[in-house]
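Scroll down for the structure; my scribbles are underneath it.
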Amino acid sequence: MTRLTLPLVLLACVAGKAAAQSDDVAYCKKLGDYASRYLGDAGGNGGTRPDFDIMEGINKCNKGDTAAGIAILDKKIRSKGFTPPAR
């Protein structure tokens with residue numbers, strides 16, 4: 001019974017970390033979509049396009065650097081007086 005305990009604990013830890021990373025990726029995408037929709041520069045077709053800070057945050061998210069991407073996008077959203085969406 002104790003031989004089985006350690007592998008199960010390790011498996012649970014790995015699964016928990018993978019779930020947290022998945023949550024960060026989803027939140028990073030959510031912030032990028034939010035920032036692009038509400039904070040972008042005026043586009044030629046009447047819509048908006050992301051500015052360079054937003055693009056940098058989205059690119060970091062896409063490359064897997066979610067911590068940096070979230071920080072950039074969160075700062076940009078707050079600097080414009082908006083509240084970031086909930087996790």
Side-chain angles (χ1 to χ4, degrees):
M1 184 80 161
T2 55
R3 291 180 134 184
L4 199 57
T5 305
L6 182 59
L8 289 175
V9 169
L10 291 174
L11 182 63
C13 290
V14 170
K17 185 174 181 179
Q21 288 174 343
S22 176
D23 290 345
D24 286 347
V25 170
Y27 186 60
C28 212
K29 180 174 176 8
K30 187 176 185 178
L31 283 176
D33 292 344
Y34 182 88
S36 294
R37 179 177 295 129
Y38 297 113
L39 306 177
D41 296 327
N45 62 358
T48 59
R49 64 175 185 243
D51 69 9
F52 292 117
D53 292 332
I54 296 170
M55 289 300 295
E56 180 184 2
I58 292 171
N59 286 335
K60 289 203 181 279
C61 291
N62 290 338
K63 291 180 180 177
D65 189 1
T66 55
I70 289 170
I72 291 167
L73 293 168
D74 185 81
K75 182 178 178 182
K76 182 68 174 183
I77 290 167
R78 290 181 189 278
S79 74
K80 296 290 187 172
F82 288 88
T83 302
R87 274 189 175 243

Considering only residues two or more places apart or on different chains, which pairs with a residue in residues 26-39 satisfy salt bridge (charged side-chain N to carboxylate O under 4.0 Å, His left out)? Lys29-Asp33
Please give me the minimum heavy-atom distance between Cys61 and Gly69, naming the atom from each residue. SG-CA, 3.8 Å
Kindly write out the residues that satisfy salt bridge (charged side-chain N to carboxylate O under 4.0 Å, His left out) with Lys60, not counting sequence neighbours, or none if the list is empty.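 None.
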Going by the rule side chain to side chain donor-acceptor pair (under 3.5 Å), which residues pair with [X] if we only count those two or more places apart in sequence or in a different chain?
| X | result |
| --- | --- |
| Asp51 | Lys76 |
| Asp53 | none |
| Arg78 | Asp74 |

Drop me the distance from Met55's CE to Asn62's CG, to the nearest 0.5 angstrom.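 Spacing of CE (Met55) from CG (Asn62) equals 8.5 Å.
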Considering only Ile, Leu, Val, Met, Phe, Trp and Tyr, and joining two whenever side-chain heavy atoms are under 4.5 Å apart, list the other residues clustered with Ile58.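 Joined to Ile58, directly or through intermediates: Tyr27, Leu31, Tyr34, Tyr38, Leu39, Ile54, Ile70, Leu73, Ile77, Phe82.
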